[in-house]
Q: 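Here it is: the structure, laid out below.
The structure presented is a predicted model; accordingly, all values stated were derived computationally and were not measured. In what follows, residues are counted from 1 in the order of the sequence shown.
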Amino acid sequence: MMIATPKHPGTKVSSVLHPHAQHFRGSLGRFATGVAVVTFDSDEGRHGITVNSFTSVSLTPPLVLVSIAKTTKSHDQLAGRPFTVNVLGAEQRALASNFAGAPTGEPRWVDGTVAPRLSGVLSFFECTPWAAYDGGDHTLYLGEVINFDYRAGDALGFVNGQFTTIPEYLLGHEALL
């Protein structure tokens, strides 16, 4: 069992992954996640960043969080801007790759209420900026959800460094309403 020790103030963090850090990353990779693309407009045009660090934070007000690596090319351009979290369906692996640095062609954009979104996604959450927090080598961006929707279908997942399908086996609680 590996035990993490707290970071001491003033300690420099190396950008090179040491064996311990690689083992830590591999351990985190065992946690299956969904795959989403964060989209937004900047002075230089439309951008998207593929993420698997996305979570709900609050129902009242409706808040979500995305974690963006500080080394990501468009990290700084996202600060203070409205954004959309686009949750991808299992058939959208090419779209995930496109925004992860392996271009697969121009995506189909939809003009959202406050930020652009992608066409045909499993669900989306259009957000206005709520807060941003330092998260080590990432920034934690919180957004207040202004508009959202979803469709039926299998979700695109990510585990052990690979895409996978998360099947939609049963109807959700909304079927009970």
Side-chain angles (χ1 to χ4, degrees), residues 28-42 46-69 72-75 77-79 81-133 135 138-177:
L28 292 171
R30 297 318 190 256
F31 182 69
T33 66
V35 179
V37 174
V38 175
T39 54
F40 62 97
D41 281 329
S42 79
R46 290 196 162 157
H47 295 277
I49 307 166
T50 299
V51 301
N52 68 339
S53 294
F54 162 65
T55 190
S56 63
V57 175
S58 170
L59 292 176
T60 307
L63 300 175
V64 296
L65 177 147
V66 292
S67 177
I68 307 292
T72 301
K73 194 167 38 172
S74 52
H75 168 274
Q77 296 169 338
L78 177 57
R81 297 189 187 278
F83 61 90
T84 300
V85 178
N86 301 270
V87 177
L88 301 186
E91 73 284 0
Q92 296 177 309
R93 291 179 189 202
L95 197 55
S97 295
N98 186 71
F99 290 106
T104 58
E106 184 63 26
R108 290 186 334 185
W109 293 95
V110 174
D111 291 327
T113 306
V114 296
R117 55 188 172 87
L118 299 169
S119 177
V121 295
L122 194 59
S123 67
F124 68 85
F125 303 88
E126 293 181 30
C127 304
T128 56
W130 180 269
Y133 299 100
H138 282 63
T139 299
L140 308 177
Y141 290 105
L142 270 73
E144 182 175 11
V145 178
I146 303 301
N147 188 23
F148 61 94
D149 205 355
Y150 70 97
R151 65 170 172 85
D154 296 341
L156 181 60
F158 194 75
V159 65
N160 293 329
Q162 296 183 23
F163 290 121
T164 189
T165 297
I166 303 170
E168 181 181 34
Y169 286 116
L170 303 171
L171 293 175
H173 73 281
E174 62 276 356
L176 300 174
L177 301 176

Q: Name the atoms and distances for all side-chain donor-acceptor pairs under 3.5 Å in residues 116-123, with sequence neighbours left out.
A:
{"residue": "R117", "atom": "NE", "partner": "E126", "partner atom": "OE2", "Å": "3.2"}
{"residue": "S119", "atom": "OG", "partner": "R108", "partner atom": "NH2", "Å": "2.7"}

Q: Got a second to check how far T50's OG1 is from I68's CD1, nearest 0.5 Å?
A: 9.5 Å
Q: Just how far is it from atom OG of S53 to atom CZ of F158, taken to the nearest 0.5 Å?
A: 10.5 Å
Q: Excluding sequence neighbours, so at least two apart, what forms ring-ring contact (aromatic ring centres under 6.0 Å, His included) with F83?
A: none
Q: Before giving the answer on side chain to side chain contact (heavy atoms under 4.5 Å, CB included), spell out for N147 and V114 the whole-Å C-alpha distance, their side-chain angles and the decisive distance to 0.1 Å.
A: CA-CA 8 Å; N147 188 23; V114 296; over 6 Å; no
Q: Side-chain contact, heavy-atom cut-off 4.5 Å: R93 with L156?
A: yes
Q: List the atom of V64, the atom of C127, and the distance in Å for their closest heavy-atom pair.
A: CG2-SG, 3.6 Å
Q: Heavy atoms, side chains only, cut-off 4.5 Å: are F163 and S97 in contact?
A: yes
Q: Should W109 and T39 be marked as a side chain to side chain contact (heavy atoms under 4.5 Å, CB included) after you check the CA-CA gap, both sets of side-chain angles, and the distance that decides it?
A: CA-CA 10 Å; W109 293 95; T39 54; 3.5 Å; yes
Q: Specify the closest pair of heavy atoms between P61 and E144, including all atoms of both residues, with the distance to one decimal.
A: CB-OE2, 3.8 Å
Q: At their closest point, which heavy atom of V35 faces which heavy atom of A96, and how far apart are they?
A: CG1-CB, 3.9 Å
Q: Is there a side-chain contact between F54 and V87, using heavy atoms and a 4.5 Å cut-off?
A: yes
Q: Is the shortest heavy-atom distance from the side chain of F99 to the side chain of V38 under 4.5 Å?
A: no
Q: To the nearest 0.5 Å, how far apart are OG1 in T128 and CD1 in I146?
A: 4.0 Å
Q: With rounding to the nearest 0.5 angstrom, report the OG1 to CG distance, T55 to L65.
A: 7.0 Å
Q: Counting neighbours of CZ on F148 that are heavy atoms of other residues, nucleotides or ligands and sit closer than 6.0 Å, is the number greater than 12?
A: no
Q: Please report the shortest heavy-atom distance between L140 and S67, naming the atom on each side.
A: CD2-OG, 3.6 Å
Q: Drop me the distance from L63's CG to T60's OG1, to the nearest 0.5 angstrom.
A: 9.5 Å
Q: Could you report the tightest heavy-atom contact between P107 and N98, atom names first, then the distance?
A: CD-ND2, 4.1 Å
Q: Do S74 and F40 have side-chain heavy atoms sitting under 4.5 Å apart?
A: yes
Q: I need the minimum non-hydrogen distance between V85 and A36, along with the two atoms involved.
A: CG1-CB, 3.8 Å
Q: Mind checking the CG-CZ spacing from D111 to R46? Nearest 0.5 Å is all I need.
A: 4.5 Å
